[in-house]
Amino acid sequence: MAKKKTSPSFEEDLAELEQLVVRLERGEVSLEESLQAFERGVTLTRACQKALQEAEQKVQILIDKNGSQVLESFADE
């Protein structure tokens, strides 16, 4: 039975994006490689943004289902 190809997780995309940034910051890649890395980075950034928006929507739906929207600070006061 063939396995379904699953899309990379948010964490995997973010890790790859971080690796691309490190490579580009070192400046040890050619112009062509830099452009390819930048293009890949844009794709990864969009995928991460989409995943974050979907997670935010799910959280909002769960909050709305519970009928109470109480915002609390994460910082210890």
Side-chain angles (χ1 to χ4, degrees):
M1 196 157 99
K3 281 180 128 180
K4 272 188 174 180
K5 184 180 180 203
T6 59
S7 59
S9 70
F10 172 80
E11 291 79 9
E12 291 169 334
D13 283 346
L14 188 58
E16 184 180 347
L17 184 57
E18 289 171 344
Q19 290 172 355
L20 286 173
V21 170
V22 168
R23 283 184 53 215
L24 290 171
E25 285 179 340
R26 286 185 189 148
E28 299 172 355
V29 293
S30 68
L31 177 60
E32 183 65 30
E33 290 172 323
S34 294
L35 290 172
Q36 290 173 353
F38 179 79
E39 184 176 356
R40 178 67 179 147
V42 169
T43 301
L44 290 168
T45 299
R46 289 181 180 152
C48 288
Q49 288 174 335
K50 182 180 177 193
L52 288 172
Q53 287 173 344
E54 289 173 358
E56 186 176 324
Q57 288 174 345
K58 287 178 184 179
V59 168
Q60 189 62 47
I61 289 168
L62 290 172
I63 289 172
D64 290 344
K65 281 185 179 181
N66 288 332
S68 61
Q69 294 185 355
V70 180
L71 297 176
E72 296 179 14
S73 175
F74 287 111
D76 291 333
E77 295 178 11

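The figures that follow rest on heavy atoms only: side chains count, while hydrogens, waters and symmetry mates do not. Here the structure is a predicted model, which is why all the values come from computation and not from measurement.
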Separation of [Y] [atom2] from [X] [atom1] (nearest 0.5 Å):
X: Asp13; Y: Cys48; atom1: CG; atom2: SG; result: 5.0 Å
X: Lys50; Y: Arg46; atom1: NZ; atom2: CZ; result: 12.5 Å
X: Leu31; Y: Gln36; atom1: CG; atom2: CD; result: 10.0 Å
X: Leu17; Y: Glu12; atom1: CG; atom2: CD; result: 13.5 Å
X: Gln49; Y: Thr45; atom1: CD; atom2: OG1; result: 6.5 Å

Open item on the list: Please tell me whether Val21 and Val29 are part of a single hydrophobic cluster in this structure, the criterion being side-chain heavy atoms less than 4.5 Å apart.
Closed with: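 No.
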TODO: Go through the steps to decide whether Val59 and Glu56 satisfy the test side-chain contact (heavy atoms from CB on, under 4.5 Å), and finish with yes or no.
DONE: CA-CA 5 Å; Val59 168; Glu56 186 176 324; 5.7 Å; no
TODO: Compare every heavy atom of Phe38 with every heavy atom of Leu24, then report the nearest pair and how far apart it is.
DONE: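 Scanning both residues, the minimum pair turns out to be CD1-N, 4.5 Å.
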